[in-house]
Amino acid sequence: MVNIEVCGAYVDFPVFDARTRSLKKEVLGKVGGTIGTGAKVPIIEALHDITLSVAEGDRVALVGHNGAGKSTLLRLLAGIYEPTRGTARVDGKVAPVFDLGVGMDPEVSGYENIMVRGLFLGMCRKQMHKRANDIAEFTELGDFLHMPMRTYSAGMRVRLALGVVTTINPEILILDEGLGAVDAAFIAKARRRMVELVNRSGLLMFASHSDELLLELCTTAIWMDEGRIRMSGGVHEVLAAYKGVSA
Ligand SMILES: Nc1ncnc2c1ncn2[C@@H]1O[C@H](COP(=O)(O)OP(=O)(O)OP(=O)(O)O)[C@@H](O)[C@H]1O
């Protein structure tokens, strides 16, 4: 059963800048121990007392200003961050799509990267072999697929990455937007595949600044503000409230 339960979760980032780091060294040098809880380092509280429950079939949009905590929450759910306090329980296999290019090797060809990226997202070799031609056709990269990926433009790399991402079968799909570099016609084509991808995913959490995409892919929404959940509900209702305030 695919399910997410977050209960009273906090994520804090201690910030060690050059000055505090040298201070730490000085203290360590003198006492020869570890920094205790009283260490004077600035802490950024990226998430504050987050409680949420997401069930199979839910398609949840995350909205909020820059720095509101959307990416941090998604990273918490992907298991990249542990909560500083509270709990985050995720039942199901997570396909995290934070940066479309993560897991790609610039020195190998587009074809090889299709394989590498697919494995990174939890597919097996056999599944990826089956899908390689379909992905290649979708990208419209032609002979470039035999060239090392470092020869690609930013948009070409996104085409390849989107081709792979939209063929996977995720239980939990975590999407942090990053579709900026592709041209409009290709986005329209990718949209259909995105919708199909979301339809066959068990659960979606999607952070984006694009209302259009959120309305197309999501049914409910969470509005993040300064690390807290300010509002949750239907995607139309939450977006209207968020826009009303931020307009
Ligand atoms: N690795 C980190 N170290 C220190 N602070 C961080 C780190 N990652 C995020 N933060 C801080 O946590 C807060 C939430 O950041 P987060 O990236 O989750 O915001 P966001 O809502 O995804 O923003 P955006 O819409 O700009 O992507 C911000 O104040 C940010 O400065």
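Read the numbers this way: they start at 1 and go in the same order the structure lists the ligands and their atoms.
- Ionic pairing of Asp105 and Arg150 is not present here: no N-O contact between side-chain nitrogen and carboxylate oxygen is shorter than 4.0 angstrom.
- Residue-environment remark: CD (Glu107) exceeds the threshold of 12 foreign heavy atoms within 6.0 Å.
- Both the sub-6.0 Å distance and the 45° axial angle are not jointly satisfied by Arg157 relative to the ring of Tyr152.
- Side chain of Asn113 to backbone of Val108: a donor-acceptor contact under 3.5 angstrom is found.
- Legend: side-chain hydrogen bond (donor to acceptor under 3.5 Å, both in side chains) pairs involving residues 68-84, not counting sequence neighbours, sorted by first then second residue: Ser71-Asp176.
- The environment of His146 atom NE2 is dense: over 12 non-hydrogen atoms of other residues, nucleotides or ligands sit within 6.0 angstrom.
- Residues of the protein with a heavy atom under 4.0 Å from ligand 1 are Phe13, Ile44, Ala46, His65, Asn66, Gly67, Ala68, Gly69, Lys70, Ser71, Thr72, His209, listed by chain and number.
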